[in-house]
2 protein chains.
Amino acid sequence: MALQHAVLATLLDHEYSGYQLAKIFDIGVANFWHALPQQLYAELGKLEQAGLIRGRRVIQHDRPNKRVYTVTELGMAELERFTAAEAKPSFFRDDLLVKVYAADRTDAVTVMAQLTERAEQAKSKIALFDDILMRLRDGRDEQEFLRHGSRVGPYLTCLLGRSLEKEYHDWCLRCAELLGTREGVRDDA
Amino acid sequence: MALQHAVLATLLDHEYSGYQLAKIFDIGVANFWHALPQQLYAELGKLEQAGLIRGRRVIQHDRPNKRVYTVTELGMAELERFTAAEAKPSFFRDDLLVKVYAADRTDAVTVMAQLTERAEQAKSKIALFDDILMRLRDGRDEQEFLRHGSRVGPYLTCLLGRSLEKEYHDWCLRCAELLGTREGVRDDA
DNA sequence: AGGCCCATGTAATCTGTTACATGATTCC
DNA sequence: GGAATCATGTAACAGATTACATGGGCCT
């Protein structure tokens with residue numbers, strides 16, 4: 001009852017096929033939700049059955065045919081109902097955090113390596129967000145765009161994604177450095 | 001295969017009962033993982049069966065008896081194995097983000113209200129984190145504690161939790177304000 | 001007596017992941 | 001001919017949530 005609304009929200013701007021949605025919801029592009037292709041195909045089926053979206057077959061000659069979806073009026077109503085309803089508490093889950101939590105009782109060196117690697121990944125993701133933000137602004141000044149642009153929702157969620165990724169990045173480097181100095185201290189003892 | 005390690009990591013510092021773990025993993029205190037009591041009781045059963053933790057009955061007179069758990073050597077080995085293994089991609093899921101994404105097509109006023117309310121919640125959580133951090137430092141200077149303290153893992157994860165919560169808080173207020181000015185603009189048109 | 005906190009679960013259901021399966025077209 | 005991308009699923013399993021169930025002790 002949750003991926004459903006993420007799909008509806010995504011289909012607001014564009015009609016997409018399951019395959020296209022799968023790329024959007026894949027790690028890297030999905031800045032506000034994540035799902036695997038199988039889940040999306042299943043969800044699209046359910047949404048169409050429920051009449052919240054409508055599918056349209058697109059014949060393609062250069063590649064396999066596909067089915068693209070748009071939100072129906074019933075779907076819009078459902079999205080509005082969801083918006084008004086109470087939000088479930090958000091959550092953030094991360095193996096690396098568990099590893100850092102235990103790091104001074106397990107293997108700090110391994111964790112350090114993973115932290116620096118993760119910092120790199122965060123860096124790429126920030127670059128990706130900057131890219132998306134620039135494309136959404138499309139030449140306009142940010143202030144101007146946010147005040148008068150016709151569609152700012154995707155931009156705003158992207159801004160949050162960028163901020164969080166930045167914090168995560170800095171934290172990784174700080175932790176890695178710290179665990180390094182502690183390792184050094186331990187060697188001296 | 002994931003909550004498991006979060007539980008093991010938590011039991012490193014202390015022996016806890018299912019009930020106590022439930023409070024730690026509940027919204028508010030769990031800064032790096034979330035789980036419901038039922039899940040924890042089930043997980044503790046599985047972990048004990050697998051020999052990764054050991055339970056001990058504690059007789060109490062003022063309140064119901066309980067069973068507290070500690071990590072076994074096998075459990076430590078498993079935690080080390082997990083630390084060395086590849087981490088699954090982290091994820092963050094949030095209804096409010098979906099709502100903001102769709103806000104300029106649904107009801108911006110409702111979303112604004114939820115954003116300001118959420119900002120308040122974030123504020124309390126930051127205060128809670130500050131509290132926990134202070135208790136962990138226990139009078140020591142942060143630099144000093146991080147360099148020479150015997151157990152910094154929990155402190156580090158808490159620092160990240162605080163940073164992310166702070167970014168989330170600021171973003172909520174910024175979004176709410178922005179949606180407000182846009183609403184104003186729309187009224188003028 | 002009623003409400004709250006402590007303490008521990010079972011059962012049913014829903015959601016998400018892993019493994020498997022198929023087939024077209026394009027590029028090298 | 002083989003790999004990559006496009007395109008869509010099914011089936012089995014693992015993980016998480018919701019609903020339900022129970023009972024003692026403390027405080028007012």
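Lettering of chains follows the sequences in order, A, B, ..., and the numbering in each one begins at 1. Keep in mind that what you see is a predicted model, and the values were worked out from it rather than measured.
Taking only side-chain atoms of A/Asp62, from C-beta outward, the nucleotide of C/dT26, C/dA7, D/dT8 with the closest atom is C/dT26.
Using a 4.5 Å heavy-atom threshold, the side chains of A/Phe25 and A/Trp33 count as touching. Considering only heavy atoms from C-beta on, B/Val71 stays 4.5 Å or farther from B/Leu52 through its side chain. Side-chain contact between B/Tyr168 and B/Phe92 is present, with heavy atoms from C-beta onward closer than 4.5 Å.
Both the sub-6.0 Å distance and the 45° axial angle are not jointly satisfied by B/Arg67 relative to the ring of B/Tyr19.
Nearest-nucleotide mapping onto DNA chain C: of A/Leu3 and B/Tyr19, the residue sitting toward the 5' end is B/Tyr19. Each of A/Phe91 and A/Pro64 has a nearest nucleotide on DNA chain D; the 5'-most of these lies closest to A/Pro64. Sequence order on DNA chain C of the closest nucleotides to B/Gln20 and A/Glu43 puts B/Gln20 first from the 5' end.
Going from atom CG of B/Asn65 over to atom P of D/dG25 covers 10 Å, rounded to whole Å. Atom pair A/His34:NE2 and C/dT17:P shows a separation of 6 Å (rounding to whole Å applied). One interatomic measurement links the two molecules: NZ of A/Lys23 to P of D/dT5, which rounds to 10 Å at whole-angstrom precision. Straight-line distance from the CD atom of A/Glu15 to the P atom of D/dA7: 13 Å, rounded to whole Å. Following rounding to the nearest Å, B/Tyr41 (OH) and D/dT17 (P) show an atom-to-atom distance of 17 Å. At whole-Å resolution of the value, CD in A/Gln39 and P in C/dC14 are 15 Å apart. Protein atom CD of B/Gln38 is 10 Å distant from nucleotide atom C1' of C/dT8, rounded to whole Å. With rounding to whole Å, A/Phe25 atom CZ is found 15 Å from C/dT15 atom C1'.
For B/Arg162 (side chain) and B/Lys125 (main-chain N/O), no donor-acceptor pair under 3.5 Å exists by modelled atom type.
Comparing the axis of the opening five pairs of the helix from C/dA1-D/dT28 to C/dC28-D/dG1 with that of the closing five pairs yields an angle of 30°, rounded to 10°.
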Set out, in order, the CA-CA distance, both residues' side-chain angles and the distance that settles ring-ring contact (aromatic ring centres under 6.0 Å, His included) for B/Tyr155 and B/Phe145, then state yes or no. CA-CA 10 Å; B/Tyr155 195 91; B/Phe145 170 71; 5.0 Å; yes
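Between the side chains of B/Glu117 and B/Gln121, at least one donor-acceptor pair of N or O atoms lies under 3.5 Å.
Backbone-only contact: A/Gln60 has heavy atoms under 4.0 Å from sugar-phosphate atoms and none from a base.
B/Ser17 has a side-chain polar atom (N or O) that falls below the 4.0 Å cut-off from OP1 or OP2 of C/dT8. Distances shown here put a side-chain N or O of A/Arg93 below 4.0 Å from the OP1 or OP2 atom of D/dA16.
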